[in-house]
Structure formats: C-alpha cells, structure tokens
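A quick write-up on the structure given underneath.
Position 1 is the first residue of the sequence; numbering continues from there.
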Amino acid sequence: MSDAEPVKVEVGLGDRAYDILIGSGLLARSGEEIARRLPGTRAAIVTDENVAAAHLDALKAGLDKGGIQSAVITLPAGEKTKSFAHLEEVVDGVLAAKLERRDVVIALGGGVIGDLAGFASGIVRRGMNFVQVPTSLLAQVDSSVGGKTGINSTRGKNLVGVFHQPKLVLADTQVLDTLPIREFRAGYAELAKYGLIDRPAFFAWLEQNWGQVFAGGPARVDAIAEACRAKADVVARDEFETGDRALLNLGHTFGHALEAATRYDGARLVHGEGVAIGMALAHRFSARLNLASPDDASRVEAHLRAVGLPWRTADIPGELPDAEALLGFITQDKKVSRGALTFILTRGIGQAFIAKDVPASEVLSFLKTSHPERSKRSRSGGLKVSHPR
C-alpha cells in the first residue's frame, strides 16, 4: 500500500461523524489531513517520553507542513500516567499554551495517552477538538475509536472519564514497526476480540494469517481495517454504551480485575495481556455454565498461546490476591449495574452476548478453580489486596 492510499473507515455519528485513516506514512500527512477538517487550528500534542523519542519529530514535521503550530506536553510512559495528577498536568499545559476551544488536542501514543488526552480535551474549556494519532496496535484497533476517555482510580480502571469523540483518527501502520514485540502482541488480543464477538470468519482468518499480521504489509492493514470497521459499526449503533456496545468489553471485566490486582504494574501485566487472559476466562466460564462447548474455549486458548499471549492467571508473574479479592475488583468495575454482575459471555466462537445478573457465587466458584494455586500462594504470604467497598 502506498503512502497516498490509506484505507478510510467512517464512524457514522451524523454531524459528528469522523474518519479513521489506516496506512503507512500518515504522520507526514497529519497536518494536511487535520487542516482539511479543522482549518486555522493550533494544536497541543500530548505524548509520552518513549513515543516522543521515536515519533514526535515526524508528527511535528507533518503538522508544520500543514501550517499547524503546536505545543508539546510530554508525560511519563506507562499505565500509572492515567491519573488525576497527570490529567491536571495536561489541562494546565493546554491552558498555558493559550489554546482556544476551536483548537485541537492531539494524542500521540498508545491507549494510555489517548484516554488521558481525550479526557483532558473533553473537559478543558468545556470541550475542545480532539485528534487521535495512535502509535500502538491496541490503540489503532480499539481505544482510539469510539470516544471513550478516562483515567484510573485506586478503586479500579477507567472509572473517571467522559465520552468525547475525536474529529479524526490517523492510524499510521509504519509506526508499529518500532513497537516491542510484547506490546504488539498485547494489541493483537484486541484484534482477535472482534472475531470472537461476532465475526467468526475473521477469527478463522487470523488463525491462518496471524504471522503475516505480525510481519507487516497488506495483511496488517487489512486486519486493522477490519477491526476498525467492526468497532465503528458498534459505536454508530450505541455511542454511549447503553446497549450492544457492551459486547466490546469481551474479556475486559476479568482483565480489568487482574490489572487492578497487579496494581497496574506494566512489568507484570499490560492491558492487552489482561484482555487476552480475560477472553480465555470468559470462554472457559461460558463452557462451565454449559453455554458453549469446551472445545471453543480450547480453540481460543490455543490461538492465544500460538501468538505468544498469556491465557491463564498462572501466566502473570508474581503473586495474585485470592479469588475473593479478585471478585471484589470485579464488583467495583464500571460494568456492574446496581450491584448486578454483567459479563460478556459466549455461545461459541463469534457468538458473544451480554449476560446480566450473573450470580457472584458462580463467578467466585469459577475463579477458585481457574487459578487455585495462585490463591493458595496468596494466602501463604503473597500480595494482599483489600476487598474494595
């Protein structure tokens, strides 16, 4: 694919519709694409130290070519940056740059930067324009699309935030070549998720072609575009997650609990790895409830293993809290409604559905059997995590 021919996927939200552009060389075209949609704008680039070292100069050059002046706000890398303290730092940086409401906040980074910068742009001056320039596979296929922004609380992940749609998403596939393999794998979990939700043919295609997706080239662009189409379709139907957009949370309720249990320590577990384990757990839990065949759970686990992703809690280094504490993190998750546990479960590959009022006792029993050796070690002196109230 040439730099001049990105794939375009539209997120259909009426007068707030926007494009996702997917292809190589989009950083160089960033100023041109943004200026076409937001003429006369100035920008604040929010990024982290790692991404800045690799891609900031290329983005600034692209913006300069389009006549867009920019200020830069650089933050530490890692999940812990999604905090109140760094949110204040971004808001203060935007205000210090004297940007106006019609100007734009640009998120240059992975999901952490996208969520944080998006939240800041949604609240500073009661809402500014926002552009996503995702630099991780996870962000390109998931977190940069759909307008969900936020930060973490000590009580759980993404509990503070707003819905604030971007004006444009520029998914430059060339930047993925600089990703560490662990980060690429973590993003791949979200790619696989779309097949497991309602596109079984896509999951089967990934089983056959995942090596080419990792290698780059047309297969990578095709996979990212298909994932973006899948998410765009859901967002257009259910922007504020009052209905079937919740299906996009497949694997996330278990995954978020595991992230909280590891205190968001990226050395132990990053988001996409939590999602991978969560998807495997969701399929195994569905089989335990006699909703799906154990063969489907085994197929999901086999694919995650094949690409090098963790698929069970035993794959997380270090100690984990016991099953009761993990259930506590699950009940604190924002996907719980009035105390009722809601999970995305499945009747088979590509047959996910929203299961409401899942008994906590069933979840607890499953957690005890899914990682009994971890619970035993936790009680014998491992990490202690209090049950959140």
According to side chain to side chain donor-acceptor pair (under 3.5 Å), who are the partners of S293, at least two apart in sequence or on a separate chain?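 None.
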Residues which pass side chain to side chain donor-acceptor pair (under 3.5 Å) with T154, listed by chain and number, not counting sequence neighbours: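 With sequence neighbours excluded, T154 shows a side chain to side chain donor-acceptor pair (under 3.5 Å) to no residue whatsoever.
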Once side-chain contact (heavy atoms from CB on, under 4.5 Å) is applied, do any residues pair with [X], and if so which ones, sequence neighbours excluded?
X: K356; result: T342, I354
X: A360; result: L327, L341
X: T135; result: V51, H55, L108, V175
X: D115; result: K82, S143, N158

In the hydrophobic cluster built from side-chain contacts under 4.5 Å, what are the other members alongside L138?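 When side chains under 4.5 Å apart are linked, L138 ends up in no cluster with other residues.
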Linking directly or through intermediates, with side-chain heavy atoms under 4.5 Å: list the remaining ILVMFWY members grouped with Y264, chain and number order.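 Noted: Y264 shares its cluster with no other residue.
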Ring pair (Phe, Tyr, Trp, His ring centres under 6.0 Å) partners for Y194, two or more places apart: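 Y194 satisfies ring pair (Phe, Tyr, Trp, His ring centres under 6.0 Å) with no residue once adjacent residues are dropped.
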Test of understanding: with salt bridge (Lys or Arg N to Asp or Glu O under 4.0 Å), list the residues that count as partners of D103, not counting sequence neighbours.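 If we apply the salt bridge (Lys or Arg N to Asp or Glu O under 4.0 Å) test to D103, skipping adjacent residues, the hits are R42.
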List the residues meeting salt bridge (Lys or Arg N to Asp or Glu O under 4.0 Å) with D57, not counting sequence neighbours, and say none if there are none.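 In terms of salt bridge (Lys or Arg N to Asp or Glu O under 4.0 Å), with neighbours along the sequence ignored, D57 is linked to no residue.
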What side-chain hydrogen bond (donor to acceptor under 3.5 Å, both in side chains) pairs are there with at least one residue in residues 9-20, not counting sequence neighbours?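 For residues 9-20: R16-E239, Y18-Q165, D19-R37.
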